[in-house]
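Given the structure is predicted, the values throughout are model-derived calculations rather than measurements. Letters A, B, ... are given to chains in the order of the sequence lines, protein chains preceding strands, and every chain is numbered from 1.
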There are 2 protein chains.
Amino acid sequence: MAERLSKAVAAAERQPAPRRTRNKPEERHREFVRKAIELFAEVGFEAGTRELAQRLGVTQPLLYRYFPSKDDLITAVYREIYVNRWKTQWRDGLLDETQPIRDRIIAFYEDYTRTIFTPEWLRIYLFAGLRGVDINHRYAATVEAEVLRPITLATRKSFGLGDGPPAAEEIELFWTLQGGIFYYGVREIVYRFPMAVDRSTMIRNAVDAFLEGVGSVLRRLAESPETAD
Amino acid sequence: MAERLSKAVAAAERQPAPRRTRNKPEERHREFVRKAIELFAEVGFEAGTRELAQRLGVTQPLLYRYFPSKDDLITAVYREIYVNRWKTQWRDGLLDETQPIRDRIIAFYEDYTRTIFTPEWLRIYLFAGLRGVDINHRYAATVEAEVLRPITLATRKSFGLGDGPPAAEEIELFWTLQGGIFYYGVREIVYRFPMAVDRSTMIRNAVDAFLEGVGSVLRRLAESPETAD
DNA sequence: ATGTTAATTTATCAACTGATAATTAATATG
DNA sequence: CATATTAATTATCAGTTGATAAATTAACAT
């Protein structure tokens with residue numbers, strides 16, 4: 001399978017040295033990362049540096065002038081996707097009390113899924129998780145601090161409940177909603193299931209059912225003593 | 001001179017071939033698959049056949065007496081995990097009307113997560129999904145037919161709603177619950193997050209909130225004409 | 001033009017990959 | 001005990017991998 005491909009590649013590379021024109025280092029750097037994201041999303045991190053070079057129309061050793069090792073390239077990929085694409089306005093929108101809680105949560109998930117429901121975001125996130133890097137830990141901590149805590153507090157408030165720091169059990173409850181929506185994306189983008197319900201409808205129904213039912217559980221948790229610590 | 005000596009020493013020290021005793025082919029086959037599951041769960045499918053052979057205390061070419069190719073070994077691994085570990089009693093339990101719907105659903109997720117919340121099950125499932133094999137499609141079809149449809153129908157009934165075939169939107173609603181619980185396992189087992197809430201509590205809260213709120217959405221869907229098709 | 005600098009290429013390494021052929025030895029069978 | 005069978009080994013191949021050193025050449029300053 002890979003043999004035939006490599007043979008074709010070898011034939012193509014035997015060309016009389018296309019001798020690419022030079023580029024500014026910064027542009028190159030960004031270009032490398034961009035194409036690396038594309039490739040890693042398709043194949044995973046085992047993708048060869050030669051394959052990447054070929055897609056860039058460049059020789060393989062050149063990559064090592066810009067990244068000391070393949071791992072450093074991978075790190076740059078992480079930064080680009082999971083740090084640079086985070087929007088601080090998500091938190092702000094969730095805390096904007098001029099809007100009803102339902103609208104705020106739905107608007108957040110509409111925009112959030114627009115950001116992360118791409119092969120690049122989701123596939124590389126799962127690849128990273130399986131690899132055991134700490135990206136996922138750091139990202140989840142951000143989600144909890146910037147999204148789930150605000151959602152929990154805002155929801156509590158909308159039910160007329162106290163506004164102390166959210167208990168672990170409360171946060172976990174909203175993780176279930178987050179996970180349910182996230183996994184819709186995994187099914188659609190990663191597993192490539194034919195989805196019978198469109199994204200917006202799914203979000204609306206999930207949030208409606210959740211908000212309708214979460215009140216009773218939150219009330220119970222507010223009354224019972226904190227068991228989890 | 002020194003080289004010749006070291007070469008002689010190396011030859012002498014080259015273990016006198018531990019020469020494993022023979023085993024029955026069937027046992028070997030099962031043993032290979034078992035250890036392959038272990039290895040693939042750890043490293044992924046790029047795990048080397050030599051590493052596997054070493055863990056089995058066996059030479060690498062021997063693997064090819066039992067599996068024509070590495071891909072055939074991987075297929076055997078899939079079968080073992082995702083076909084052989086499926087319990088038909090899950091469906092039966094969900095349809096057992098002598099029990100309240102809440103108890104049925106909680107009991108199901110308790111047992112189901114006991115089966116799939118292992119590194120082997122979850123990691124290999126994600127590896128397979130990223131690889132683009134059809135395992136995940138087939139498995140999801142089973143989940144939908146054997147779990148989500150029964151849950152949907154049973155829940156509908158418990159709310160005194162009609163009992164026609166479930167609409168896609170209804171099924172999708174229960175996929176959100178399924179995905180939320182599934183993703184708890186991914187966070188715990190794959191990402192290795194320190195979980196602040198134990199599995200049973202998470203399941204109970206998630207199911208309670210869901211059942212409390214799902215009624216209103218189901219009623220709305222029952223009244224409005226089928227938009228999704 | 002001329003020389004300097006650095007971007008890019010060529011050539012190459014050692015380690016590792018899945019897979020095959022030939023050989024050895026343990027077991028069952030007569 | 002002799003012999004056939006086959007489980008398991010050794011040896012090896014061809015291809016791929018990440019990475020390094022040295023040679024080349026494009027761009028730019030003078």
Side-chain angles (χ1 to χ4, degrees), chain A residues 1-33 35-36 39-40 42-77 131, chain B residues 7 10-33 35-36 39-40 42-77 131:
Chain A
M1 192 189 284
E3 290 162 18
R4 207 175 282 139
L5 178 69
S6 69
K7 197 175 278 184
V9 166
E13 279 186 344
R14 221 174 291 135
Q15 300 297 346
R19 218 72 196 179
R20 258 185 83 95
T21 63
R22 287 173 155 193
N23 269 347
K24 284 184 180 150
E26 272 194 25
E27 272 181 39
R28 266 276 119 108
H29 200 276
R30 275 205 310 270
E31 198 190 353
F32 283 11
V33 173
K35 269 272 187 278
L39 178 61
F40 289 152
E42 283 178 36
V43 193
F45 297 119
E46 330 85 81
T49 52
R50 281 169 181 80
E51 167 82 13
L52 175 58
Q54 200 208 335
R55 290 189 183 204
L56 285 158
V58 145
T59 55
Q60 179 245 2
L62 185 59
L63 298 175
Y64 288 86
R65 261 203 102 76
Y66 293 87
F67 303 92
S69 75
K70 191 183 173 184
D71 246 31
D72 290 275
L73 172 57
I74 292 175
T75 301
V77 164
R131 253 187 141 214
Chain B
K7 196 177 279 184
E13 279 186 341
R14 208 185 298 138
Q15 301 297 347
R19 220 70 196 181
R20 259 185 82 96
T21 64
R22 287 173 155 193
N23 271 347
K24 286 188 180 144
E26 272 195 24
E27 272 183 38
R28 265 277 118 111
H29 200 276
R30 276 206 309 271
E31 199 190 353
F32 283 11
V33 173
K35 268 272 189 279
L39 178 60
F40 289 152
E42 283 178 36
V43 193
F45 297 120
E46 330 87 80
T49 53
R50 281 169 180 81
E51 167 82 13
L52 175 57
Q54 201 206 331
R55 290 190 184 204
L56 284 158
V58 146
T59 56
Q60 179 245 3
L62 184 59
L63 298 175
Y64 289 85
R65 261 201 102 77
Y66 293 88
F67 303 93
S69 75
K70 190 183 173 183
D71 247 29
D72 290 275
L73 172 58
I74 292 176
T75 301
V77 163
R131 251 187 143 214

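Contact detail for B:K70 and B:A47: the closest heavy-atom pair is NZ-O, 2.9 Å.
Note: B:L52 CG to B:L73 CG = 6.5 Å, rounded to the nearest 0.5 Å. Here the straight-line distance linking atom CG of B:L39 with atom CZ of B:F32 works out to 13.0 Å at 0.5 Å rounding.
Listed in residue order, the members of residues 65-73 of chain A having a heavy atom less than 4.0 Å from DNA chain C are A:R65, A:Y66.
Checking D:dA8, C:dG18, D:dA19 against the side-chain heavy atoms of A:R50 singles out D:dA19 as nearest. For A:Q60, taking side-chain heavy atoms from C-beta onward, the closest of the listed nucleotides D:dA8, D:dA19, C:dT8 is D:dA19. Here the side chain of B:L62 is nearest to one of C:dT9, C:dT20, D:dA8, namely D:dA8. Ranking D:dG18, D:dC13, C:dA21 by closeness to the B:P61 side chain, first place goes to C:dA21.
Distances shorter than 4.0 Å separate some side-chain N or O of B:T49 from OP1 or OP2 on C:dG18.
A salt bridge links A:R28 with A:E31: the distance from a Lys NZ or Arg NE/NH1/NH2 to an Asp or Glu carboxylate oxygen falls below 4.0 Å. A salt bridge links B:E51 with B:R55: the distance from a Lys NZ or Arg NE/NH1/NH2 to an Asp or Glu carboxylate oxygen falls below 4.0 Å.
Side-chain atoms of B:D72 and B:T75 include no donor-acceptor pair closer than 3.5 Å.
One can place CD of A:E26 at 15 Å from C1' of C:dA7, the figure rounded to the nearest angstrom. Note: CG (A:L52) to C1' (D:dG18) measures 13 Å, nearest angstrom. A straight line from OH of B:Y64 to C1' of C:dT17 spans 9 Å, rounded to a whole angstrom. If you measure from atom CZ of A:R28 to atom P of C:dT9, you get 7 Å, rounded to the nearest angstrom. Atom pair A:Q54:CD and D:dT17:P shows a separation of 11 Å (rounding to whole Å applied). If you take NE2 of B:H29 and C1' of D:dA8, they are 16 Å apart, rounded to a whole angstrom. We find that CD of B:E51 is positioned 13 Å from C1' of C:dC16, with the value rounded to whole Å. In this entry the distance linking CD of A:E27 with C1' of D:dA27 reads 15 Å, nearest Å.
Ring-plane geometry between A:F67 and A:H29 is classed as tilted, the angle between the planes lying from 30 to 60 degrees on a 0 to 90 degree scale.
Contact annotation for A:A53: no contact, since no heavy-atom pair falls under 4.0 Å across all strands.
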